[in-house]
Amino acid sequence: MGIITPRLLAIANMIKDEKCVADIGTDHGYIPIYLAKKHTVKKIYCTDVAEEPLNKARNNINSFGVQKDIEIVKSDGISWIKEYRVKVDTCIIAGMGSKTILQILKEDCELIDCYVICCNTNNTPIRQWAKEHKYFIESEVIVKDNDIIYEVIKINKHAGKKIKNLKDLYFGPILRKTKNNKIYFEKWLLEEQRQNKLLSKIPVKTKKYKDTLKYNKKIKKMINKVIKDEFKS
Ligand SMILES: C[S@@+](CC[C@H](N)C(=O)[O-])C[C@H]1O[C@@H](n2cnc3c(N)ncnc32)[C@H](O)[C@@H]1O
């Protein structure tokens, strides 16, 4: 299927033996279409807060002939799940920043078991949310798409790795244990460079400089300890 990019494929591949999946903020609808074409998920919801993306998704769904397999829902986030009283095995939330994703996760409820999250910004707040809400990390992958590096995280209410410490929060409890992952290494080297650049723009002797330097040192220490050590072994 030509519409599926490496990022979308990494997200779709996180769906294993789910019966019901919802794609929150679907836009083009390509993930639900891909899942419908694979015939592995019984019920697929395709949702977005805005009418325009939903029209786009509707057109794509019709042109791929999978309209019978996908239900379109116009809603803000996941609040519709309680109204519909449906059990959703996994909600996919992708292509948004961590603030929007955290806003959506405020409506988390017992009808949802897992989330597959691919955040456009920092993943630490997402893992922090998982830790605070006693979710586990079921799987984590890193993917490069159009020269942008994305982490895809599946969090599960019942099983997976616990987020135990700061290293897990920043680097991912599963990702940080994978050996010789070139994209992962590249991501953190780029982050180190980004932090250095950021610091050079802040006037010295300000509180912001002090705070950024503290964070910078923490990141560097972890990069050296976790990432470089992993690649030495
Ligand atoms: C950049 S697109 C991402 C599309 C697709 N999920 C992907 O990863 O390629 C973001 C979509 O999320 C939708 N969106 C933003 N906030 C939302 C919310 N609170 N609830 C549902 N959809 C939302 C937008 O309307 C837009 O269509």
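Because the structure is predicted, anything quoted here is derived from the model rather than measured. What's counted below: heavy atoms across the whole structure, side chains too, no hydrogens, waters or symmetry copies. Just follow the structure's listing: the first ligand is 1, and inside any ligand the first atom is 1.
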Is it true that [X] and [Y] have a side-chain N and a carboxylate O under 4.0 angstrom from each other?
{"X": "Lys187", "Y": "Glu151", "result": "yes"}
{"X": "Lys74", "Y": "Asp48", "result": "no"}
{"X": "Glu140", "Y": "Lys177", "result": "no"}

Checklist outcome for this item: If you compare Asp27, Asp48, Thr100 by their heavy atoms, the one closest to atom 16 (N) of ligand 1 turns out to be Thr100
Next on the checklist: Could you work out, for atom 5 (C) of ligand 1, the closest of Gly25, Ser75, Ala57 by heavy-atom distance?
Outcome noted: Gly25
Item to check | Cation-pi geometry met for Lys43 and Tyr45 (6.0 Å, 45°) | outcome: yes
Only distances under 3.5 Å count here; give the side-chain donor-acceptor pairs of residues 19-29 to other protein atoms, sequence neighbours excluded, each with its distance to 0.1 Å.
from: Asp23; atom 1: OD2; to: Thr26; atom 2: OG1; distance (Å): 2.7
from: Asp27; atom 1: OD1; to: Lys56; atom 2: NZ; distance (Å): 2.8
from: His28; atom 1: ND1; to: Tyr30; atom 2: N; distance (Å): 3.1

Indicate, as side chain, backbone, both or neither, the part of [X] found under 4.0 angstrom from ligand 1 when only non-hydrogen atoms are considered.
{"X": "Gln103", "answer": "neither"}
{"X": "Asn120", "answer": "neither"}
{"X": "Pro53", "answer": "side chain"}

Next on the checklist: Contact between ligand 1 and Arg7 is defined here as a heavy atom of the residue under 4.0 Å from a ligand atom; is it met?
Outcome noted: yes
Next on the checklist: Check contact between His28 and ligand 1, using heavy atoms of the residue and a distance below 4.0 angstrom.
Outcome noted: yes
Hey, which atoms in ligand 1 end up nearer than 4.0 Å to a heavy atom of [X]?
{"X": "Ile104", "answer": "18 (C), 19 (N)"}
{"X": "Asp76", "answer": "18 (C), 19 (N), 20 (N)"}
{"X": "Gly77", "answer": "18 (C), 19 (N), 20 (N), 21 (C)"}
{"X": "Gly95", "answer": "1 (C), 3 (C), 8 (O), 10 (C)"}

Item to check | Side-chain donor/acceptor of Lys16 to backbone N/O of Asn13, under 3.5 Å | outcome: yes
